[in-house]
Structures are given as structure tokens and as C-alpha cells.
Amino acid sequence: DTSAPMLLGYMLTMPTQTPPIQLHLLFSETIRPESIDLAMGGLNFTNRNGTSTFTLTNGTVERDSTDPAILRVVIAEDNYQELIALRPQVAHTTDDTLLSLSPAFA
């Protein structure tokens, strides 16, 4: 396979209404969770006007049990607290937040 996987969509959820937050990433093809290094800082949330940015650096990455093209990132407590401190500027809704992945992500 010579083409890089593309991020098709994402969703932030908090299934139990308490931390942790889960980030679901839908890719164009299967991604190996072990190929993801969150510490490299390659996953960034930015609000639409570009004034607030958050870089995810800590959490666990798992393959979704129903679709191998979906990765679930469980955001660690320290990153959760940093992200909450930026709300509502960042990660309030998917309509007002851009998600970008740098080559360092995978």
C-alpha cells in the first residue's frame, strides 16, 4: 500500500458523562494502534479562528471493536484537564473545532 490513510472524520465522546473523554478517529483504511505515538504531539485541536490550540500528548490508542478503520483514543487525565481549561474555545463541538494530524501522529 503506497497511499497514506486519510482522516475521514472524528467524534469526541464522554460515555459516562465523566472523564475520560474518548476521541474516535475514522480513517480511510485500517490503522495499527501501535503505530500511533501520542507523545510526538501530532494531534492538534484548533478553534475555527485559530486563536486557541490544544495538542494531545497523552492517552491510550485502541482499535474499535466494530470497525478496524476506527481508532479510539482515550485521553489521559492530564490532557483532559488542559483541554477542559480551553473550553469553550476548543473542542466544544466538531463544528467549531478543527482536528489536524501531523506526520508525527503515525
Side-chain angles (χ1 to χ4, degrees):
D1 186 355
T2 58
S3 61
M6 292 177 33
L7 179 65
L8 301 176
Y10 75 96
M11 178 176 60
L12 283 167
T13 64
M14 195 180 314
T16 63
Q17 303 307 312
T18 61
I21 294 177
Q22 296 181 14
L23 172 64
H24 303 263
L25 303 169
L26 173 60
F27 289 94
S28 58
E29 60 186 76
T30 300
I31 304 287
R32 291 186 350 260
E34 60 276 7
S35 70
I36 306 299
D37 186 355
L38 295 176
M40 294 298 292
L43 197 154
N44 302 291
F45 295 97
T46 306
N47 64 344
R48 290 239 180 236
N49 64 13
T51 58
S52 293
T53 299
F54 170 76
T55 300
L56 181 65
T57 58
N58 195 4
T60 58
V61 182
E62 310 165 339
R63 180 172 288 134
D64 186 80
S65 61
T66 60
D67 187 339
I70 296 175
L71 289 183
R72 184 175 54 245
V73 179
V74 179
I75 299 174
E77 180 66 25
D78 59 339
N79 270 188
Y80 167 77
Q81 294 300 331
E82 294 170 39
L83 187 57
I84 292 302
L86 290 172
R87 290 189 79 197
Q89 291 82 20
V90 175
H92 187 249
T93 70
T94 54
D95 292 333
D96 65 13
T97 302
L98 303 172
L99 177 70
S100 63
L101 304 176
S102 77
F105 183 73

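Only a predicted model underlies this, so the values are computations on that prediction, with no experimental measurement involved.
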Fill in the blank from the handout: In this structure, OG1 of Thr30 is separated from CG of Leu71 (nearest 0.5 Å) by 9.0 Å
Handout entry: Gap between atom CZ of Arg72 and atom CG of Asp67 - 0.5 Å precision
Key = 12.0 Å
Problem - Under 3.5 Å: donor-acceptor pair, side chain of Arg63, backbone of Ile31 - result: yes
Practice task
Report yes or no: do Leu8 and Ile70 belong to one cluster of Ile/Leu/Val/Met/Phe/Trp/Tyr joined by side chain heavy-atom distances under 4.5 Å?
Solution key: yes
Exercise for the section: Answer whether the closest heavy-atom distance between the side chains of Leu12 and Leu23 falls below 4.5 Å. Expected result: yes
Handout entry: Sole residue of Thr60, Ile75, Thr55, Val73 in side chain to side chain contact (heavy atoms under 4.5 Å, CB included) with Leu38
Key = Val73
Problem - Inter-residue atom distance Glu77.CD - Glu82.CD, 0.5 Å rounding - result: 10.5 Å
Practice task
Calculate, to the nearest 0.5 Å, the distance between atoms CG and CG belonging to Leu26 and Leu7 respectively.
Solution key: 7.5 Å
Problem - Asn79 side chain vs Asn58 backbone, donor-acceptor pair below 3.5 Å - result: yes
